[in-house]
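To keep things clear, I will list the structure first and then write my remarks on it.
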Amino acid sequence: MGSLFPKKPRQKSKSEPLSSKIPLTDELLKKSLANMEDLEIIALNTNIGTVFLYYIKTLIDNERLNEVIVEPLNHCSKDQIAKCLMNAKIEKLSNLEEAEKKIVQGSILLYDPTQNHWFATLLETPLSRSIEPPETETVIYGAKDSFVEQIDQNITMIRQRLPVTALKTETFNIGSLSRTKVVMMYIEDITNPEFITIAREKIKAIDFDQFLDSSQVAAFMEDHKNTPFPQFLETERPDACSNSLALGKIVFLVDKTAYGLVGPINFFHLFQSPEDYFLRWIIASFLRCIRFSSFFLALTLVPLYVAITTHNYEILPLQILYVLLETRSKLPFTPFWEATLMLITLEIIKEASLRMPTKSGQILGVIGGIVIGQATVQAGFVSNVFIVLVGISAIASFLVPNYLMTKIITLLQFFLLVLSSLLGIPGIVLGMIIIIAHLVGLTSLKQPYFAPITPLYLKDWNDLFIRGPLTSIKERPSFLSPLQRWRIKKRR
């Protein structure tokens, strides 16, 4: 029985891509590129006949157009475009989809109607800024260069540090609209092939329309979507990427992004700074321990204040308890609401200072730190003791080298705050157990996120909480299962 409302045949949208089997013709290409005001079609009379050039003038390098294309064709005495443009690295085209892809990437299409041949040559405008020092991973010793938005330049910076043929690259294009170029890099005879296969499958499975940043690519490749912890390390330092490659990891570079993705990683990589490997091992180990301690301090200091002032005040010495009671005697809020309001205010000041221009950010720091901080104490909304604790906690959170981890600290602070207000110190202990259990269950590219603690790899502890002498770190991390375990040629 037929339907009372028969379906109309679906009409093709104007933006729907045409089939790749359609042969490339002049008429179809003009139809596909219609309503583009920056499209240029030039008929060029040459010795070999009239040749048509198709290009988007906002994408190509117009200064090189005459030098690379027009002049050689005008002086060409041969009967083939390919022979006239030997220096232009031209590529022959066969179908419409290929031509569409090339022209929007900054190529010039050449059409020879006498031979009915189509060619493409890349003449993209070099939109690249100069190489500058890293902004988020500054070091005193070590290299001062950082990635830029041009992926080829980023690959060059890594290749200059690892000039070996074993450094392999694979290119993928993701995003149905952005067609973003992603390059996967690894060292063939070191990186475990299992990681490469997993990473390749994850990239091929990505289905989205637009990618503007490497963090979006990481979001699609992560094993666990509902966790605040990053499963790829985002770095703007080429030396950090080359070091990761040498250890057996994989690096992903995303076009138009000044950050590279490194994986697989573990939780402890987020506390390591590139400078750890440039300083003497005792100093580097001390600084690394300070970072772990600061992370723990930033996480628990404020919840501990709420737990003690609410449930466990008996653990304080009598003199300190008197000070606390005196400072809190006139406050209208409970310790939980005092902490919550202050932490939210602190986050508002942090976010505002990041989004504002540099000079305005300094003024905001003065207003937030001195005016608001002092005024809230004098108004009787928070205690002096709590202002000191919040300040220590905020400064301690900035010692973690990874920016994402500073945001995670804030999130976990609120989680522990709720538990401490309900259960006191046992609530903080319970919260820490939940966080560690969550970390143990995570993976990065299917590898354990809490290694080398669980599963236990004792040899990797030489570069975990402390960084041993470089001369003693002769093996690559065991949890990466590298094809070459030793980093030295001669084993004793």
| query | What are the two closest heavy atoms between V104 and L59, and how far apart are they? | reply |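 That closest heavy-atom pairing would be O-CD1, 3.3 Å.
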Check: [X] side chain, [Y] main-chain N or O, donor-acceptor pair, under 3.5 Å:
{"X": "K474", "Y": "L470", "result": "no"}
{"X": "S472", "Y": "G468", "result": "no"}
{"X": "Q447", "Y": "L480", "result": "no"}

How many angstroms lie between atom [atom1] of [X] and atom [atom2] of [Y], to the nearest 0.5 angstrom?
{"X": "I466", "Y": "W461", "atom1": "CD1", "atom2": "CH2", "result": "10.5 Å"}
{"X": "I206", "Y": "Q216", "atom1": "CD1", "atom2": "CD", "result": "10.5 Å"}
{"X": "L301", "Y": "F386", "atom1": "CG", "atom2": "CZ", "result": "9.0 Å"}
{"X": "F336", "Y": "L422", "atom1": "CZ", "atom2": "CG", "result": "7.5 Å"}
{"X": "I409", "Y": "S397", "atom1": "CD1", "atom2": "OG", "result": "5.5 Å"}

Answer yes when [X] and [Y] have at least one side-chain N-carboxylate O distance shorter than 4.0 Å, and no when they do not.
{"X": "E201", "Y": "K204", "result": "no"}
{"X": "K407", "Y": "E351", "result": "yes"}
{"X": "R179", "Y": "D209", "result": "no"}
{"X": "D152", "Y": "K181", "result": "yes"}
{"X": "R487", "Y": "E475", "result": "no"}

Report, one line per pair, each donor and acceptor closer than 3.5 Å where one atom sits in a side chain of residues 238-250; sequence neighbours left out.
| unit_1 | atom_1 | unit_2 | atom_2 | d |
| --- | --- | --- | --- | --- |
| D239 | OD1 | R237 | NE | 3.0 |
| D239 | OD2 | R237 | NE | 3.4 |
| D239 | OD2 | R237 | NH2 | 2.8 |
| S242 | OG | P238 | O | 3.3 |
| S242 | OG | D239 | O | 2.9 |
| S244 | OG | A240 | O | 2.9 |
| K249 | NZ | H269 | ND1 | 3.3 |
| K249 | NZ | H269 | NE2 | 3.2 |

| request: Compare all side-chain heavy atoms of H311 with those of S420 and state whether any distance is below 4.5 angstrom. | output: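 No, every pair of side-chain atoms sits at 4.5 Å or beyond.
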| field | side chain to side chain contact (heavy atoms under 4.5 Å, CB included) partner of N266, chosen from P477, P448, S444, P452 | value |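 Checked P477, P448, S444, P452 against N266; only one passes side chain to side chain contact (heavy atoms under 4.5 Å, CB included): P452.
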| Steps toward ring pair (Phe, Tyr, Trp, His ring centres under 6.0 Å) verdict (F268, F450) | CA-CA 8 Å; F268 306 99; F450 214 59; 5.2 Å; yes
| task | Go through the steps to decide whether R288 and D463 satisfy the test salt bridge (charged side-chain N to carboxylate O under 4.0 Å, His left out), and finish with yes or no. | result | CA-CA 10 Å; R288 194 176 283 185; D463 190 17; 2.8 Å; yes
